[in-house]
Each structure stands twice: as C-alpha cells, then as structure tokens.
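Scroll down for the structure; my scribbles are underneath it.
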Amino acid sequence: MEKYWNPEIECMSREDMKKLQDERLVAQVKHVYENVPYYKKLMDEKGVTPDDIKSTDDLHKLPFLTKSDLRDAYPYGLLAKPLSECVRIQSTSGTTGKRVVAFYTQHDVDLWEECCARAITAVGGTNEDVCQVAYGYGLFTGGPGLNGGSHKVGCLTLPMSSGNTERQIQFMTDLGATILCCTPSYAAYIGETVKEMGLTPDDLKLKAGIFGAEPWTEEMRREIEKSLGIKAYDIYGLTETSGPGVAFECSAQAGMHINEDNFIAEIIDPDTGEVLPEGSKGELVFTSITKEAFPLLRYRTRDICVLTREKCSCGRTLVKMCKPMGRSDDMLIIRGVNVFPSQIETVLIDQGYAPNYLIEVDRVNNTDTLDINVELTEEQFSDTVKDIQIKERELVEAIKTILGINPKVHLVAPKSIARSEGKAVRVIDKRKLHD
Amino acid sequence: MTIKQISIFVENKPGKLSAVTKLLSDNGIDIRALSIADTKDFGILRLIVDKPDETVEILKKAECMVTLTNVLAVCISDKPGGLSKAMETLYAANIQVEYMYAFVTKNTDDAYVILRVGKNDVAADALKENGFRILTGSEVYDM
C-alpha cells in the first residue's frame with residue numbers, strides 16, 4: 001500500500017495543480033520584482049513586468065538565472081527578505097568563485113523539510129522507522145535536509161553525518177536503523193565495509209535507502225541493494241532551490257517526482273533557451289514558487305534531463321524527471337562535490353604551473369577518483385626528487401583546500417599533454433554514470 | 001672544483017628513456033656516468049657526459065626538461081673501505097648528501113664518486129684536507 005506524506009498535493013489533479021502553480025507563480029514574480037533589484041533589472045531589460053505573468057503559460061517570458069548570476073549577486077543580491085526574517089543559510093561545496101549561499105526563512109525551512117518528508121514517506125518511512133542520516137551536516141544541504149524530513153515524519157533520527165564508517169555500521173546494527181540516507185557512493189562503501197566486518201544484510205534491519213547528491217547508475221543501484229539488503233531510491237535537489245527533496249523517487253523506482261507545488265520544472269534547449277515539449281531531452285530549469293528568502297525564477301540547473309507526465313504506478317500525479325543524463329556545462333560532480341575545471345586551472349596558475357593539464361575522473365570500487373596531470377615547468381624542475389615532490393604536495397594541498405577533495409597529481413613532461421586547435425580537452429571522465 | 005651534471009625529466013612511460021638515450025647516441029655524446037632516481041610517475045636521469053653544454057643544447061632543442069647542476073667528482077681508492085672513509089669525512093664536516101653515484105674507468109685502480117651535497121665548497125675542502133682528490137671538469141669530461 002503506497003503511503004503519501006501529503007496525498008492532497010502528491011495526488012492532486014493536473015488541473016488543480018496548474019491552478020495552484022498559476023496563483024503561486026503570479027505572487028512569486030511580484031514578490032521577486034519588488035524585493036530583488038537584481039532580478040527586477042533583468043526583467044526590465046527583457047521588457048517584462050509582473051503584470052505580464054498571468055499564469056504558468058507566461059513563464060517563458062521571464063529571464064533565466066544562471067550560476068554566474070548567483071556569483072555576481074553574492075552574497076545578498078538575490079535575497080528577497082530582510083535578514084531579520086532569515087533563520088538559516090546553506091552553501092554549495094565551498095568552491096571558490098562559484099560559491100552559492102542560499103537563505104531560508106523559517107517557512108522556507110519548513111517547506112524544504114516537508115519535501116524531504118515526502119521523500120522519506122515515499123520509500124515507506126513512518127514514525128516507526130529509525131532513519132540514519134549519513135550525508136554531511138553543515139553547509140552542505142544533504143544532512144540538514146534529510147534530518148529535517150526525518151523529524152517531520154517522526155522517525156527516530158540518527159544524525160551521523162558522513163565518515164567513520166565502522167561507527168556508522170555499529171549504530172546501524174545496535175539501534176536497528178531501517179532507512180539510510182547518504183550519497184550513493186558512500187552507501188556502496190558502507191555495503192563493502194559491512195561485508196569486510198563479517199556481517200551480512202541479514203544482520204541489518206535496513207529496508208530502504210535514499211541516495212542522492214551525485215550521479216549514479218542502475219547498476220550501482222542493484223549493487224547497493226544487494227550489499228545492504230534494501231531498496232535504493234534516488235533523490236534530487238540543489239542548494240540553489242533548497243537542497244535535496246526537489247524531486248524524489250517512489251516505489252516504482254523509475255524517475256523522480258518533482259514537488260510541483262513548490263517548483264515549476266521546464267526543459268529548455270541549452271543553446272537557444274527555447275522551452276521544449278514534454279518528453280524532450282534538454283536542460284532542466286526550476287522556478288521556486290514558494291520560497292521566500294531565496295526565490296530563484298527560471299534557474300538553469302545545467303542538468304540534462306527528460307520530464308514525463310506518464311501515469312505512475314505509485315498514484316502520484318507529480319511530474320517525473322529522469323536521472324540527470326549529463327551536464328550542459330563542464331561541471332563535474334566528484335564524490336558529491338561540484339568541481340569546475342576552471343577552479344583547478346586557477347590553482348595551477350597560482351602555483352606557477354602552465355595551464356596545461358588533463359583532469360581524469362574515474363570510479364574505482366564505487367568511489368570517484370580525481371587524477372590531475374600537470375606539465376612541469378623549467379622553474380619547478382630540479383635534479384632532486386625531494387624538491388619536485390614537495391612542489392607536488394603543495395599543489396595537492398592547494399587543490400584540496402579549494403575543492404575539499406583530495407586529488408592525485410602527476411607531473412608530466414612539458415608539451416606531453418596534447419594541444420588542441422579548437423577547444424582543449426581538459427577532462428576525461430571515465431565513469432559510466434549514465435546507463 | 002665542481003663538474004656539470006645534466007638532469008633530465010623522464011616520464012614513466014614506455015619509450016621515454018630510450019628516446020633520450022637515442023638522442024645522445026645520434027649526437028655522439030659519450031656518457032661517463034649515470035644514475036636514475038625513480039618515483040611512481042617519473043624519473044630523473046642524471047648524466048655526466050663528455051660535452052655537457054652541447055648536450056644541454058641538444059636536449060633543449062628536442063624539448064626535454066633538463067637542468068644543469070654543479071656536483072663534486074671525488075677520487076677514491078677502488079677497494080673495501082674507500083667509500084666509507086669519504087662518507088666519514090663528510091659526516092664529520094656536517095655535510096648532507098642529497099644523492100651520489102659512482103663509476104670506474106678501465107685503466108686505473110681508482111673509483112670516482114659523484115656527490116650532490118648542500119655546500120660544495122665546504123665538502124670539497126673537507127675532502128681535500130683528508131687526502132681526497134677532487135676532479136676538475138676537464139679531467140672528467142675527457143676521461
């Protein structure tokens with residue numbers, strides 16, 4: 001029997017949902033226009049006023065927001081409420097120059113937690129469950145989001161944060177955790193560690209897992225399901241729109257339902273910006289229609305995706321998005337962290353290297369690896385191995401400071417990295433992230 | 001006092017070392033001594049050759065990463081204890097050895113040690129005071 005957290009919304013007729021979205025959009029555009037000078041300017045430049053937006057049919061008239069707008073407007077430029085009404089910030093993976101700080105009023109936090117509560121309920125979670133949250137806590141939205149959702153549902157919440165895997169498994173067995181929330185790669189790692197500790201899925205009470213924040217495949221899903229003896233569900237979200245819970249998977253395990261009462265999803269052609277019909281593959285764009293403090297209109301996620309309104313066996317009427325099938329920019333998601341090649345390039349130049357490098361990303365035993373090949377310069381070359389290795393270590397540290405993840409750096413001979421006439425190939429992603 | 005050593009960056013990939021040695025061979029460069037320091041990703045090939053400046057030009061033209069370092073060439077007797085005495089001398093003079101390697105020639109009972117130390121002058125003086133002979137550049141290049 002399918003359970004819903006908010007059946008009225010989750011199973012609402014398309015007609016009623018559109019009406020709700022129409023009302024909320026009109027009010028939201030007005031709120032943003034009056035309170036966010038940055039977006040007002042974009043609307044003015046496009047010759048659009050709030051009066052032009054009478055329903056979701058007019059959504060396409062609004063200007064897009066991109067990550068670079070967020071950077072330009074950092075930190076307060078897109079804030080739509082006085083700070084006195086804000087209670088929280090969350091931030092993206094701490095990446096220099098591209099940092100996103102999102103603000104929340106108490107109402108925003110409540111709605112976000114409701115979205116996560118729907119996701120937990122959709123995997124069978126009730127107040128009888130023990131929910132182990134092994135996403136990172138802190139600025140990252142993963143931990144706080146699922147933590148809040150778990151509280152709302154009334155699960156006994158284990159706020160583990162990520163890491164310390166043996167302790168995770170000890171709590172999991174001692175306290176009988178039934179739902180695990182973390183990144184899919186961490187889930188896979190926990191699965192391996194369970195086996196290494198001489199335990200089997202029968203020793204665990206886990207029944208479901210909610211895994212997101214990075215791309216993963218159906219193959220990985222099956223592996224995790226087998227190693228932990230659970231059903232593994234996907235969840236989608238981004239700091240810009242609130243965090244996890246923008247969309248969540250149901251018992252059908254075939255695409256994620258978007259919480260349409262809070263977010264309007266569009267698919268656009270990433271080159272022209274034109275809105276594409278349902279079922280087309282294109283870039284996913286979100287408009288937050290309930291957020292008060294940080295209400296982004298037509299935010300381009302850069303995730304390539306397909307939306308479908310085909311009837312779902314779970315009974316929900318919310319539109320479904322597929323797993324993101326790639327990116328329309330060069331952002332990489334490595335161990336759940338957003339990485340732009342340009343950030344690595346900046347560090348190289350700061351450290352005195354030439355901007356000739358090749359980034360290789362792979363997934364070994366379900367963990368992402370980041371290898372950076374860098375051309376050595378004459379100034380860095382020395383007749384002693386020690387001197388070169390000190391330089392190498394300094395570079396690793398500098399990159400780690402910026403990205404928050406540990407790369408492997410390989411110094412290579414000058415001119416050994418292939419030069420290109422056109423756009424240089426800077427990244428080789430060997431992971432098979434998309435089926 | 002010191003002699004010129006050529007250090008070449010060689011990636012740990014098939015054919016890289018051979019490309020360097022072929023280049024030297026094609027240009028008639030005679031190698032007096034060599035050592036290679038290896039790491040997981042790369043090695044540093046260190047060479048003492050007959051024509052160091054010319055060799056550097058050739059390598060640079062072939063876009064090799066190369067650097068010249070002044071090192072000491074010390075003559076020691078080619079019998080048990082010969083090297084040990086030299087090391088004791090350096091230790092006593094508080095000289096740190098970064099690396100070293102040795103070679104022998106066909107016609108003498110001597111062996112030669114190439115020394116890379118922090119302070120060439122101090123090391124050379126200490127060795128000389130203890131009866132070691134330090135070879136000049138031309139002595140080594142023209143051996």
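Computation of the quantities below employed the complete heavy-atom set of this structure, encompassing side-chain atoms and omitting hydrogens, waters and symmetry-equivalent molecules.
- Interface remark: B/Ile8 contributes backbone atoms only to the contact with chain A (heavy atom separation under 4.5 Å).
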| request: Begin with the C-alpha distance, continue with both residues' side-chain angles, and end with the deciding distance and a verdict on side chain to side chain contact (heavy atoms under 4.5 Å, CB included) for A/Leu376 and B/Phe42. | output: CA-CA 11 Å; A/Leu376 196 64; B/Phe42 63 87; over 6 Å; no
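- Remark: B/Asp109 CG is loosely packed, at most 12 non-hydrogen atoms of other residues, nucleotides or ligands lying under 6.0 Å away.
- With a 4.5 angstrom heavy-atom cutoff, B/Val10 does not touch chain A via any of its atoms.
- In this structure, CD1 on A/Ile388 lies 6.5 Å from CZ on B/Phe9, to the nearest 0.5 angstrom.
- With sequence neighbours left out, the side-chain hydrogen bond (donor to acceptor under 3.5 Å, both in side chains) criterion links B/Asp26 to B/Lys22.
- Residue B/Phe103 qualifies as enclosed at atom CZ: its count of foreign heavy atoms under 6.0 Å is above 12.
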Geometric donor-acceptor pairs, no angle filter, chain B-chain A, under 3.5 Å:
residue	atom	partner	partner atom	Å
B/Glu11	OE2	A/Ala413	N	3.0
B/Glu11	OE2	A/Ser416	OG	3.4
B/Asp41	OD1	A/His410	ND1	3.0
B/Asp41	OD2	A/His410	ND1	2.8
B/Arg46	NE	A/Asp383	O	3.0
B/Arg46	NH2	A/Asp383	O	2.9
B/Glu63	OE2	A/Lys415	NZ	3.0
B/Glu98	OE1	A/Lys386	NZ	3.3
B/Glu98	OE2	A/Lys386	NZ	3.3
B/Tyr99	OH	A/Asp383	OD2	2.4
B/Arg116	NE	A/Asp383	OD2	2.6
B/Arg116	NH2	A/Asp383	OD1	3.0

